[in-house]
Amino acid sequence: MKPFTGNFTQQEALDDTVIAAATEILRSGRLHRYNSGPGELSKASELEQAYAAYQGARFCLACASGGYAMAIALRAAGLSQGEPVLTNGFTLAPVPGAVAAAGGKPVLVEITDNLVIDLDDLERKAKTSGARFLLLSNMRGHLADMESLVDIVRHHNLILIEDCAHTMGAAWNGVKSGNFGLAGCFSTQTYKHLNSGEGGLLTSNDPEFMARAIILSGSYMLYERHGAAPSADVFERIRLETPNMSGRMDNLRASILLPQLARLEDSIERWNERYRAVEEALGGVVGVVLPQRPDEERYVGSSIQFRLPGISPEKAEAFVAANKAMGVELKWFGAADPVAFTSNHHSWHYVDPQPLVETDSILSGLFDMRLPLTFSVEDCRHIGLIIAHCAADLAADARGEA
Ligand SMILES: *Cc1c(COP(=O)(O)O)cnc(C)c1O
């Protein structure tokens, strides 16, 4: 088999409509979101309106990053210092990081074989921790059974904030991810579904929550210039008691996100074609377990995960190396030390250590790969066949064949 020669971190170039939008802002010199004339809607505000409409949310705030959106969401929701916050035991470091930044203490919840939060463990820890908040991470784009999750949230009076970094555009039974609780947090960092280098979007239907979030983001009392914000009287109540924690989005980033948002649905179809090509190549390969994607879930296949249950750390490293030798870059979540984007809960030393037996067992055999849109569907088939080939070698090895 020929090695694959594509680049796993190369996203698509931004096209001429994006370049024209950026050029217009650069020529104007008015990059700050509040540098607008009377009655003029800044690009940041325009993006807030467009994203609120796409999401089907009343309010939207454009801000500095996905991690920042989560941290101010927790604050705006009323988290006090030292309060416990339930969150997934398997997620990316900005999630426990956001809890820590907001002064909370992460209570880690186990995940299931399908990489979503374990609802039984959630229920147990909702009872025992006394937490008022759940920062749910839809890690790598996998959605839990959202109806059952919302039942637990209601039953335990939890405030639900969703981390939708990988579920922008995804839905459960037709309801968009991010619309199940108080707020949805999105990222427009280069490796997510819209690319402005860095950036975040926070959505909600709750006026007072959003007013607090806008002031937290550093509105300099210019909140009336926001694109999808509650009315001024809501701000009156909270404007002087809410600190400024500057983390605004600028007009340059907003301007390059607007044309990309208009094409998001098309990008989702393209990601999913690529996802299905790899999934098909891996289906039926001995030892490889793919996460089940329930019918209720509309996913965005911007990355793919699979498990080799029971694999030893030595074999896992050898498997990653064998794929790498064929040009396929896999991430392994079982490594003792964080590598690039693959940290696991043992390396979050600012979080009280918590035993997560199920999660550890799943992560020890969990592999992950990005599917940038610069790959063709044919490339994805090729990649899938390389992984299948390396997995077959591993199985033959285990049977003692040469
Ligand atoms: C990328 C990511 C975030 C936050 O992204 P930022 O880099 O802070 O914009 C949050 N959660 C998950 C699961 C992510 O992958």
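Order of appearance sets the numbers: ligands from 1, and atoms from 1 within every ligand. Hydrogens, waters and symmetry mates play no part in the numbers below; they use all other heavy atoms, side chains included.
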Could you tell me whether [X] and ligand 1 have an N or O pair separated by under 3.5 Å?
X      : value
Gly66  : yes
Arg140 : no
Met139 : no

Plane angle bin for Trp348 and His345 - parallel if under 30°, tilted between 30 and 60°, otherwise perpendicular: perpendicular
Parallel, tilted or perpendicular: ring planes of Phe375 versus Phe8, cut at 30 and 60 degrees: perpendicular
In terms of residue, atom name and distance, what is the protein heavy atom nearest to [atom]?
atom                    : result
atom 1 (C) of ligand 1  : Lys192 NZ, 1.3 Å
atom 13 (C) of ligand 1 : Asp163 OD2, 3.3 Å
atom 7 (O) of ligand 1  : Gln189 NE2, 2.8 Å
atom 8 (O) of ligand 1  : Gly67 N, 2.7 Å

With Arg33, the side chain to side chain contact (heavy atoms under 4.5 Å, CB included) member among Asp250, Leu252, Asn251: Asn251
Residue from Phe235, Tyr220, Phe59, Tyr34 passing ring-ring contact (aromatic ring centres under 6.0 Å, His included) with His226: Tyr34
Residues forming a side-chain contact (heavy atoms from CB on, under 4.5 Å) with Ala73, sequence neighbours excluded: Ile161, Cys185, Leu202, Phe209
Residues which pass side-chain contact (heavy atoms from CB on, under 4.5 Å) with Asn7, listed by chain and number, not counting sequence neighbours: Thr9, Gln10
Arg239 and Tyr223 side chains, donor-acceptor separation under 3.5 Å: yes
Side chain, backbone, both or neither: the part of Thr188 lying under 4.0 Å from ligand 1 by heavy atom: neither
Side chain, backbone, both or neither: Pro94 near ligand 1, heavy atoms under 4.0 Å: side chain
Pick from Ser187, Gly200, Cys63: the one approaching atom 5 (O) of ligand 1 most closely through a non-hydrogen atom: Ser187
